[in-house]
Participant: 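What follows is a structure written as structure tokens; I'll ask about it next.
A, B, ... follow the sequence lines: proteins, then strands. Residue 1 opens every chain.
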Amino acid sequence: MRRFSGRFRSSLIIGLQGIRARKLRTLLSMVSLFLGVSAVVVVEAGASIAERALIADLELTDGIDGTRILDMPPNDKAADIIVSTVKGRTDAVGALSVSGIVGEPGVRPVNEGGSPIDQNWGGGAMICSSDGRCVEDTSRPKGEAIEVRLTALTGDIRVFRPFTQVSGRWLDFATMPSMAPHLVLNREAAKGFERHHVPAEMRVAGATANLTPQFVGVVDDGDVRPSAYVRLDELANWLPASGLGNPNGGAEVRVMLAPSSPVEQVLTTKLRGAGVETYVSTIESRKHRQKELTLMRLIFFSMAGLVLLIGVAGILNVGLATVGERIEEFALRRAVGTPRMLLAGIVLAETLLTGLLTAAAAIGVCIAGLKVVTMVVGDSQPLLHNVQFPWEAGVAGIIAGLVAGILGGFVPALRAAGIPIATVMRA
Amino acid sequence: MSDPLIRLTGITKVLKGQQEPRTILDGVDLSVDAGESVAIVGRSGSGKSTLLSVIGLFDRADTGTYELDGVDISRVPERRAAKLRSSHFGFVFQRFFLLKHLTAAQNVAMALVNGQGWLPRRERRARVMEALDLVGIAHLAKNRPARMSGGEQQRVAIARALVRRPRVLLADEPTGALDTETGALVIDALLAATTRGCGLILVTHDRDHAARMGRILDLDAGVLTERVPA
């Protein structure tokens, strides 16, 4: 160990002396390697950021990986069972969705069927004759109203779907339920209400009366359709369970559960007992996307690898030229007792140090570059908003620098080790 | 009686190139004691440097035995040879082979930073200064070779050879690139080492320098003969 330590220190000292003696040459070999390492760092950083963004997007719309999903057809019994079983729990949240129209009374919404505000997906109210022909219901005029997907929650769903708060606040489940239901809109619904400033009333099929909603916040839920979230108990003041589970009202019933929640078995048993069929699944977004993520990484890494190879060739070229210039020095070092292995170690230490210095410089530049880019365009590009330099990219850069140093220094190291001592006698 | 420091017996070396094999050393016998100084003289191409290469373990003899301190080292592997070069030999060449980017002290320290054991920085510095002091140029420790005369550079090279406290100094034409006066100073420095028990083998063309050694050996066509003092 002591001998190894001495050799290691010797190669480091001599390697550093070599770098200091040939600053310009070292700098030139760093330039080509810099591009290669930067390419690796940028690709890794880009892939990591894109992957995180993609996963975050999937978590927003589908849910966090591992979340258990219990789906069932709308059923008035189901709504009651869900509410009684999961209410007040944090490891299970019931989400019962119905369609609601918020805005001017007595008018058709601008986005019939709950389409995104600037699109028309169809789905408006139809009037069908006895012979089966249906026409659009134009008995009421279109007016200042928005149709939203209204999701009534038994608890805080953000445990399973990490919504981003855009403005205002989230629903408070700890207070007494209000008779004027608090609504949290998604971005698309908020966009609609920015254009149509008349959230006078909320109409929900099956409600005992039209409701007066209170908007308390806006979240990003990843949904392109206008949606609103409400406490189930506040909605239930006006809409009985039969309305929440009404299959004709376009209702959707879902329960999100933590992976090991004991509620799952209780709930499924109760629902089956009531004759409600359930479909259980687990969210595995990362697994499903893994193939395409891996392929994307492979393609980008192949490109970065090619650029890195050019850097390696640069180091190799400079390394060979340097060894050629230092034949007498290496022969002399062997004459004073330096073993061949240490000579190889000296050359490798120089190229490794060069590789590490280059990697450090490339990582530093990339971190600074990312900061500048996020500062300049971060607000307009959600992908780059508040993005941090991924540590994986730093590790990839260091590895790339080390690999380039080893590959670029290997052949020159072998050459240095093979220089005959007699060179100094013949000089 | 104790073994001589170096004993060569029947050493032969044949160069096998594309042309006919050429005998460079032909049954050389040589014995050198500690503190003894020996000059090897001969015409160019007579095999002087080859003999020095064999003694300094740069090269191997084809036949014959080589004993160092009574131990046969004729067939030692390269790793052991490197260790022996570090522990037993100091080398001085006609060209000084100083690294121009290092100071005189760093050039001398080069022989200590060779992977054969590790000395702490303070001890390394003390040994370097001691070696430079022995050759009388301690005041030039921080100078780079470009700022030193030929004689000073050669003395740095001698300090480099002495810094590991070798048993034998091997000098191959150390005054070849120096004027007479400076050459004499260099020989003084080499001879001073013998007073501390270090053997000296000097290869030279200069008869005056050879005459200052304890023994003079003639190498002619690979055959080594001792010159009888007049």
Participant: Side chain, backbone, both or neither: which part of E78(B) has a heavy atom under 4.5 Å from chain A?
Facilitator: side chain
Participant: For the residue pair R164(B) and S86(B), confirm or rule out a side-chain donor-acceptor distance under 3.5 Å.
Facilitator: yes
Participant: Would you mind telling me which of G345(A), P339(A), G18(A) has the largest number of heavy-atom pairs within less than 4.5 Å of chain B?
Facilitator: P339(A)
Participant: Sort L102(B) into side chain, backbone, both or neither according to what part of it lies under 4.5 angstrom from a heavy atom of chain A.
Facilitator: side chain
Participant: If you look only at pairs with a residue in residues 118-136 of chain B, which of them pass as a salt bridge (charged side-chain N to carboxylate O under 4.0 Å, His left out), with sequence neighbours excluded?
Facilitator: E130(B)-R165(B)
Participant: How about D72(B) and S74(B): does a side-chain donor come under 3.5 Å of a side-chain acceptor?
Facilitator: yes
Participant: Taking side chain to side chain donor-acceptor pair (under 3.5 Å) as the cut-off, I'd like each qualifying pair that reaches into residues 341-364 of chain A, sequence neighbours left out, listed once.
Facilitator: R326(A)-E350(A)
Participant: Heavy-atom distances under 4.5 Å only: say whether R340(A) touches chain B with side chain, backbone, both or neither.
Facilitator: side chain
